[in-house]
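See structure below.
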Amino acid sequence: MREMDVLGVRVSIPENEVVVVLADRVGPIVLPIVIGPREGASIASAQAGIVPQRPQTHDLLVAVLAATGVRLDEVHVTSLESGTFHAELLLSNGQRVDARPSDAIALALRVHCPVLCEEDVLTAAGVAMETDDDGEVVEQFRHFLEHVDPADFAD
C-alpha cells in the first residue's frame, strides 16, 4: 500500500467527467478516478475547509461515527474491477466497510485520516509523471490542476 495525497477535483474535457486526482506521496505517480459531481463537490468543499450550516451526507456519517465512539482510521483504494474502483473504510473497532472511493476520500478529508492505495491499482491505472529529484513536475502538475480553466482547451 502507498499513501496518497488528494491533489484535487477537476472536470475532464471534453467528456465533462468529474475526476479526483490522487498522488503518490513518494513516487511520481498520479491516480485519476472518475467520480460523480456531488461527490466531487463534497471532496472539493472538504479540501477548501467549507463547513455547511447543516450536515451533508458525508458530514452526517462522520458525526454518526463519532457518536458511536468509532473513528475512521484509514481509507484504502483496494481494487479496480471492470473499470470500477473499490475502496474500504478501516474503522477503529477493526471493522472494514466497503465504499466507493469518492465517498471514502470525502470522509478521509473530513477526519484527516490517510488515504492508501494498493500497488496493483497503481500499476493498472496510475499515470507515471516524470520528475526531477525535488518533485518539481508534481508541483507543476498540482499548480496546473489548481488553475486550469476549460477555456484553456478551446481551439
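Everything numeric in this text was worked out from a predicted model, so none of it was measured.
Every residue two or more places apart in sequence or in another chain that forms a side chain to side chain donor-acceptor pair (under 3.5 Å) with S42 is listed here: H58, R110. A search for side-chain contact (heavy atoms from CB on, under 4.5 Å) contacts involving A125 returns L31, L80, F85, not counting sequence neighbours.
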Query raised in the report: Hey, mind stepping through V30 and M129 against side chain to side chain contact (heavy atoms under 4.5 Å, CB included) and telling me if it holds?
Result: CA-CA 7 Å; V30 294; M129 302 282 296; 4.2 Å; yes

Query - CA sep, side-chain torsions, deciding dist, call: E74, E88, side chain to side chain contact (heavy atoms under 4.5 Å, CB included) - result: CA-CA 8 Å; E74 291 182 346; E88 286 182 336; over 6 Å; no

Requested in this report: Any chance you could lay out the side chain to side chain contact (heavy atoms under 4.5 Å, CB included) test for L72 and V62, step after step, and finish with the verdict?
Outcome: CA-CA 8 Å; L72 174 58; V62 167; over 6 Å; no

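To the nearest 0.5 angstrom, D5 atom CG is 9.0 Å from L22 atom CG. For the atom pair NE2 of H76 and SG of C117, the computed distance is 10.0 Å after rounding to the nearest 0.5 Å. Separating the CZ atom in R100 from the CD1 atom in I105 is a distance of 11.5 Å, to the nearest 0.5 Å.
A46 and L109 make their closest contact through CB-CB, 3.8 Å (heavy atoms, listed as atom of the first residue, atom of the second, distance). Closest of all the heavy-atom pairs between I43 and S102 is CD1-O, 3.7 Å. Summarising the geometry of G69 relative to S92, their closest heavy-atom pair is O-OG, 4.3 Å, with the distance given to 0.1 Å. Residues A108 and V115 share a closest heavy-atom pair of CB-CG2, 3.7 Å.
Under the 4.5 Å side-chain heavy-atom criterion for Ile, Leu, Val, Met, Phe, Trp and Tyr, V9 and V51 are members of distinct hydrophobic clusters. Connection of V70 to L90 is not established within any shared hydrophobic cluster, with ILVMFWY side chains joined at heavy-atom distances below 4.5 Å, either directly or through further cluster members.
A donor-acceptor pair under 3.5 Å is formed between the side chain of N93 and the backbone N or O of Q95.
Within the 4.5 Å cutoff, no side-chain heavy atoms of V19 are placed close to those of V11. Using a 4.5 Å heavy-atom threshold, the side chains of T78 and V121 count as separate. Residues V20 and V6 have side chains in contact (heavy-atom distance under 4.5 Å, counting atoms from C-beta outward). Here the side chains of L89 and L107 are in contact, with some heavy-atom distance below 4.5 Å. By the 4.5 Å heavy-atom criterion applied to side chains, P52 and D59 are counted as neighbours. Counting only heavy atoms from C-beta outward, the side chains of D73 and L91 never approach each other to under 4.5 Å. Looking only at side-chain heavy atoms (C-beta outward), R71 and L65 stay at 4.5 Å or farther from each other. Looking only at side-chain heavy atoms (C-beta outward), R2 and E119 come within less than 4.5 Å of each other.
A side-chain contact (heavy atoms from CB on, under 4.5 Å) with M4 is found for exactly one of L116, V77, L122, V75, namely L122.
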